[in-house]
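Taking it in order: structure first as structure tokens, then the write-up.
As the structure lists them, so they are numbered: ligands from 1, and atoms in each ligand from 1. Just so you know, these numbers use all the heavy atoms, side chains as well, and skip hydrogens, waters and symmetry mates.
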Amino acid sequence: MFNLAKMLIIFIYLTSICCFFITSQNVLSRDILSQNISSPNTPPQYTSPQDIWYIYEEPIEDLKLYDTYTFKDGTLMIWMAFKDKENPSCMLPYFHLRLIERTGQITYIDLNYTFPPEAVCPVNMAFIPLSYNYIMIIYVKSNNGVKGKYGLIINYDSKIISEIYLGSVNEYITDSGISEKGFICIEEHDERGIAAWHWYSAPDITTGKVVELGSGEFSVPNLLSYTFVNSFNFNLIDGGFGYAYILKYDEMGSSATNDPNIQYWKIYVSFLREETYSPTTPSLVDQTTTKLNSIEFKSCFYNNDAGYICIVSLNNTITNKDQSRTEVNYYQLEFLTTGSFVQFGMVPKVISNANNFNLSSLVYGGFLVEKYYTNTNAKNFYILDNNGNYKSGGSFGPEFVHYNMFRRNGTLLGIKKQTGNKLEILLKPLLRLNNQGAEYNNPAIESTKPAVNEVIDPLINEITIKYGIPVRLSTANISIFQLNDDPYKPSLLRQTISGDSKLCTIGSDNHTVHIPIFSSTFNQPNSSYYVVVDNNFVISQERNEPLLGIIKKTWMISTKPFKIGQHSVSVTGLLRLNEEGSSKFLQLNHQSEFFNNIIQEFSKIIPVDEQRITTNGKWQNDPTFPKKVLLSFTINEAKSAMEPSSKTIFDNLGTLIERKRFTALSNYEYSSLIDESASFTITSYFGKFLPLIIIFLVSMIILIILYFLARWKNPEARNIAIFETALIMQDFAVDLTFALLRVHNTPHLIIPNMVFLVVPHVVSLLLAINILLSEVAMNPTFHTWFSELPTLLSICTIFSAIDILAINTLTSNLFGLKIFSAPLSQRSRDIILWGSFINIFAEDIPQLIIQILYFNSVVTYDFIPSLVIISGGLVIMNKLILRSYQALIRWRHRRDEIRNFIRDRRLSAGSIRSLRSNI
Ligand SMILES: *[C@@H]1O[C@H](CO)[C@@H](O)[C@H](O)[C@H]1NC(C)=O
Ligand SMILES: *[C@@H]1O[C@H](CO)[C@@H](O)[C@H](O)[C@H]1NC(C)=O
Ligand SMILES: *[C@@H]1O[C@H](CO)[C@@H](O)[C@H](O)[C@H]1NC(C)=O
Ligand SMILES: *[C@@H]1O[C@H](CO)[C@@H](O)[C@H](O)[C@H]1NC(C)=O
Ligand SMILES: *[C@@H]1O[C@H](CO)[C@@H](O)[C@H](O)[C@H]1NC(C)=O
Ligand SMILES: *[C@@H]1O[C@H](CO)[C@@H](O)[C@H](O)[C@H]1NC(C)=O
């Protein structure tokens with residue numbers, strides 16, 4: 001039953017919003033045309049078609065509306081309380097808050113906490129919303145008989161996080177207007193006008209703790225013969241605070257009063273911002289020679305055209321022929337946060353001669369006048385342009401009991417007297433005098449690329465914002481979020497860049513801001529994103545005044561359902577921790593926990609299913625930065641075509657790391673410890689090379705088996721030289737692959753590897769050329785053979801650069817082909833044999849050593865280097881075996897010859913010498 005009611009409310013709310021959007025198109029034209037411009041005092045029609053009605057139904061019996069709070073994003077907070085039946089100024093000591101979002105989603109906060117009597121009778125309680133779903137309830141409590149203000153920090157789950165002491169009972173506490181920038185407590189000023197302030201941080205996103213960021217005093221400019229009268233504080237749009245002082249001339253004796261040049265009243269303004277946590281030197285923004293009774297600040301609001309507009313009332317006594325009367329006039333004081341004065345103009349009398357009214361400036365220009373009456377709850381309101389001309393108006397009837405306003409989007413809110421557990425809520429959108437940037441709720445913006453609700457190509461590399469006036473980049477951020485599919489979960493930060501980060505640029509027209517997009521930002525197909533532009537992302541070039549930004553979920557964009565890219569198998573990569581992270585990691589007892597936590601964070605940030613990222617838990621010190629640690633992670637292959645490929649995930653994570661400062665990686669406990677100066681490098685990437693590697697391995701194994709079979713059968717067979725050559729070739733191929741693809745993982749091995757790869761081959765080539773040339777010159781049979789096949793031979797020469805042993809192929813008699821029956825002399829055969837034997841020490845063993853060093857310096861060891869080791873080992877073994885066979889044959893041969901000699905006793909000393917030299 002209860003759920004049904006909730007859904008009904010949401011339905012009503014949503015349909016009313018839809019109706020609003022349909023009707024809002026023609027608000028402007030119809031309103032201006034249909035209003036009776038001349039008579040601001042006759043209430044116009046009571047309801048208008050663009051009004052939105054909706055009903056909130058309270059689930060808890062007897063809870064009554066106490067107060068409301070409006071957010072700039074359109075969320076309404078309703079504070080419900082149990083009235084004290086005996087004493088109407090009191091409430092029961094509980095706290096119940098309802099958050100109604102623009103989508104109709106409602107969060108119920110019912111705190112299980114009993115407040116002290118001094119907080120609730122009479123009610124001495126308030127609340128301010130803090131960032132990240134925290135709220136602070138401010139209430140009065142006695143501690144050892146001393147009353148003070150305390151802040152109870154709770155979250156949207158109705159959990160109490162902490163309680164802090166805020167200050168004395170008269171402390172003024174306000175949020176900074178930008179919830180991430182915390183809140184401020186300002187003490188009541190003393191008689192000299194000094195007011196102490198304490199600026200507190202926003203709650204920590206995980207612990208909810210707040211800390212004091214700065215403190216100091218607002219102090220009045222020290223002017224001779226002026227005394228402090230009053231002060232007024234207001235929020236700045238960049239999250240800072242403004243503080244205005246009113247000073248009055250001391251009339252000491254009567255002589256001074258006749259001086260017409262004396263400035264009787266002076267108004268100073270000082271600004272407090274987070275960059276310094278220290279107020280600026282007060283600037284004089286207005287002064288007057290008129291002897292007024294008093295000056296009072298009513299309200300101060302930001303305005304796109306003027307900077308800040310404060311409404312001040314001037315109480316003056318006019319003496320006319322013995323008759324005197326006092327009159328109060330309203331003025332608009334306009335100034336910039338640079339401290340410069342813009343304008344001081346009178347608000348038209350026709351408005352201000354009524355008694356009970358409120359005047360405030362509107363973001364879209366012009367003013368709102370709200371008129372109240374003494375014996376009814378009804379109110380009228382008017383929109384005036386900057387010159388005070390009536391533009392439009394409306395009213396709320398006597399059945400309304402509570403009013404508020406969505407100031408940023410210019411919507412008035414009225415709540416009817418509660419009937420049972422139902423609250424009827426009316427939203428009245430106000431006429432906007434300037435319709436520029438209506439889609440963005442920001443009159444400063446002309447257009448954006450992509451436009452609102454545009455479906456974009458995820459590969460775009462920038463977005464742009466065009467402002468109506470020339471702008472300069474400032475310090476605040478522009479951020480892109482991905483909307484969570486689950487509306488109850490927070491949006492996902494994709495990237496955030498501050499205006500002054502050098503990444504953003506202003507076009508040559510001075511109106512257009514270009515913001516780069518990282519390749520990891522729009523990485524999900526068919527998803528919704530929105531861009532948030534903070535206030536003070538840009539400032540006006542002319543006035544140096546921060547401009548408004550774009551609030552969340554306004555500039556929505558979505559990605560089209562794109563193909564996720566080709567399938568790729570698992571990728572293993574290494575990333576580095578920074579020094580802080582490395583030392584934390586090394587101190588841990590359970591390093592696997594670190595791995596698990598960081599994988600969880602990755603899966604949220606990328607975003608990707610947690611199963612896709614795993615680790616073998618391997619780590620090592622970075623050889624080039626011994627204080628830093630390298631960790632190994634594997635991106636597993638996709639299980640279905642719907643999932644992003646491992647290569648895509650790898651690339652996204654790589655971009656996130658490279659841009660860590662601007663992505664959510666820097667907001668999480670573990671991922672913030674990654675060193676962004678080292679890229680995420682692949683240590684094994686089977687995907688691309690796997691088929692190649694398999695073919696390689698299989699053919700090598702076949703080759704080896706054949707080779708050993710052949711050798712086994714006939715140690716002297718020459719025609720197996722072709723196998724040797726093949727073995728050498730593939731050894732060279734894996735060496736080369738290693739040099740091209742892997743050795744860069746270990747920078748200290750690049751040069752040795754190069755030397756032992758290049759030098760032996762050059763020597764080999766020279767030897768081969770030498771052999772062939774001398775054969776051609778001295779061996780007539782070779783010369784004849786050679787002249788028949790010159791091209792093939794040159795190719796063989798090149799091959800023999802790989803290893804001199806390759807020449808042996810030419811003499812192998814393979815298949816009885818002529819090409820393989822080169823008549824090499826014994827001398828050349830010896831050179832080949834010795835050359836290739838020496839090559840073991842010049843190339844093969846050094847290569848093996850390099851491989852062992854490489855193995856020690858990397859975390860994940862893959863196929864390519866292991867192939868190098870296997871084939872290097874085989875080549876050495878083969879050469880050794882070959883050499884031993886050769887020696888054996890020679891030895892047998894000589895033994896036989898010596899036997900023959902002994903038997904024959906006819907051998908000369910010369911022939912023995914020649915025999916020896918042949919070995
Ligand atoms: C202003 O905010 C209210 C409250 O969320 C919303 O219903 C209304 O549609 C908004 N108006 C405009 C013009 O965006
Ligand atoms: C409220 O808190 C008290 C203790 O502080 C606890 O005993 C009680 O169960 C809580 N009630 C609810 C409804 O959570
Ligand atoms: C204006 O000042 C006079 C003299 O101080 C005071 O009596 C009167 O109440 C003031 N009027 C208003 C509307 O504040
Ligand atoms: C911009 O964002 C960064 C990172 O989130 C944050 O540390 C910084 O305070 C923000 N700057 C402003 C001016 O909000
Ligand atoms: C843009 O601003 C710069 C400096 O602020 C100025 O020199 C230049 O003339 C401006 N360009 C245009 C097109 O207004
Ligand atoms: C895109 O998302 C919408 C809603 O989230 C869904 O209805 C639609 O089927 C999706 N389209 C594709 C091609 O996945």
Side-chain angles (χ1 to χ4, degrees), residues 131-132 176-182 199 201-202 204-205 213 229-230 236-240 246 248 264-265 273-277 290-298 312-319 324-330 349 352-357 359 466-481 490-513 515 531-544 546-552 605 656 659-668 671-672 676:
S131 59
Y132 317 120
S176 72
I178 294 179
S179 58
E180 291 78 17
K181 296 195 190 283
W199 189 330
S201 71
D204 181 273
I205 192 160
L213 296 173
V229 177
N230 209 343
L236 306 182
I237 60 161
D238 58 7
I246 302 168
K248 189 189 173 197
Y264 273 92
W265 295 86
R273 292 208 181 77
E274 65 167 348
E275 291 98 62
T276 53
Y277 292 118
T290 319
K291 273 197 207 177
L292 302 165
N293 296 326
S294 65
I295 293 187
E296 232 176 284
F297 271 74
K298 294 289 174 195
V312 289
S313 67
L314 272 53
N315 179 336
N316 197 6
T317 304
I318 297 161
T319 320
S324 72
R325 63 190 168 86
T326 61
E327 67 174 21
V328 178
N329 287 306
Y330 289 83
K349 275 235 171 70
S352 59
N353 59 13
N355 312 338
N356 211 346
F357 77 103
L359 180 65
K466 189 166 186 217
Y467 287 87
I469 51 168
V471 293
R472 251 198 291 274
L473 290 162
S474 186
T475 53
N477 293 335
I478 185 166
S479 316
I480 299 176
F481 293 88
S491 301
L492 186 69
L493 176 66
R494 303 309 306 158
Q495 65 170 70
T496 180
I497 307 178
S498 78
D500 58 359
S501 70
K502 305 257 174 2
L503 291 175
C504 297
T505 52
I506 299 240
S508 56
D509 62 352
N510 289 344
H511 286 252
T512 311
V513 182
I515 300 109
V531 185
V532 174
V533 183
D534 291 347
N535 297 345
N536 193 29
F537 171 62
V538 293
I539 58 173
S540 143
Q541 208 177 70
E542 188 193 333
R543 295 179 288 147
N544 281 327
L547 298 186
L548 286 176
I550 303 176
I551 59 175
K552 65 180 180 183
I605 295 165
L656 288 166
R659 302 293 196 175
K660 186 187 121 192
R661 216 150 61 81
F662 309 106
T663 65
L665 280 185
S666 39
N667 298 347
Y668 284 83
S671 63
S672 62
E676 65 269 36

Verify the neighbour count for atom CD of E275: are there more than 12 heavy atoms of other residues, nucleotides or ligands below 6.0 Å?
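Count over threshold, so yes.
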
Exceeds 12 heavy-atom contacts within 6.0 angstrom, atom NZ of K552:
no

Is there a side-chain contact (heavy atoms from CB on, under 4.5 Å) between V471 and V513? Walk through the geometry before answering.
CA-CA 8 Å; V471 293; V513 182; 4.1 Å; yes

Please step through ring pair (Phe, Tyr, Trp, His ring centres under 6.0 Å) for the pair F537 and Y467, ending with a clear verdict.
CA-CA 12 Å; F537 171 62; Y467 287 87; 7.5 Å; no

As an exercise, state the distance from OG of S479 to CG of D534, rounded to the nearest 0.5 Å.
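Going from OG on S479 over to CG on D534, the span is 5.5 Å.
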
Find the distance between CZ (F481) and OG1 (T496) and round it off to the nearest 0.5 Å.
6.5 Å

Which ligand 4 atoms are under 4.0 Å away from a heavy-atom of T475?
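Near T475, the atoms of ligand 4 are 13 (C).
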
Going by the atom numbers of ligand 4, which of them fall below 4.0 Å from some non-hydrogen atom of A476?
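Within the 4.0 Å cut-off of A476, ligand 4 contributes 13 (C).
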
So N510 and R472, side chain to side chain donor-acceptor pair (under 3.5 Å) or not? Walk me through it.
CA-CA 7 Å; N510 289 344; R472 251 198 291 274; over 6 Å; no

So T475 and D500, side chain to side chain donor-acceptor pair (under 3.5 Å) or not? Walk me through it.
CA-CA 5 Å; T475 53; D500 58 359; 5.4 Å; no

Looking only at distances, can you tell me whether any N or O atom of N315, backbone or side chain, sits closer than 3.5 Å to an N or O atom of ligand 3?
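So ligand 3 has an N or O lying under 3.5 Å from an N or O of N315.
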
Under 3.5 Å, N/O to N/O: give me all the pairs between ligand 5 and the protein, one per line with atom names and distance.
| from | atom 1 | to | atom 2 | distance (Å) |
| --- | --- | --- | --- | --- |
| ligand 5 | 2 (O) | N510 | OD1 | 3.4 |
| ligand 5 | 2 (O) | N510 | ND2 | 2.3 |
| ligand 5 | 11 (N) | N510 | ND2 | 2.9 |
| ligand 5 | 14 (O) | N510 | ND2 | 3.4 |

K181 N/O under 3.5 Å from ligand 4 N/O:
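There is such a contact, yes.
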
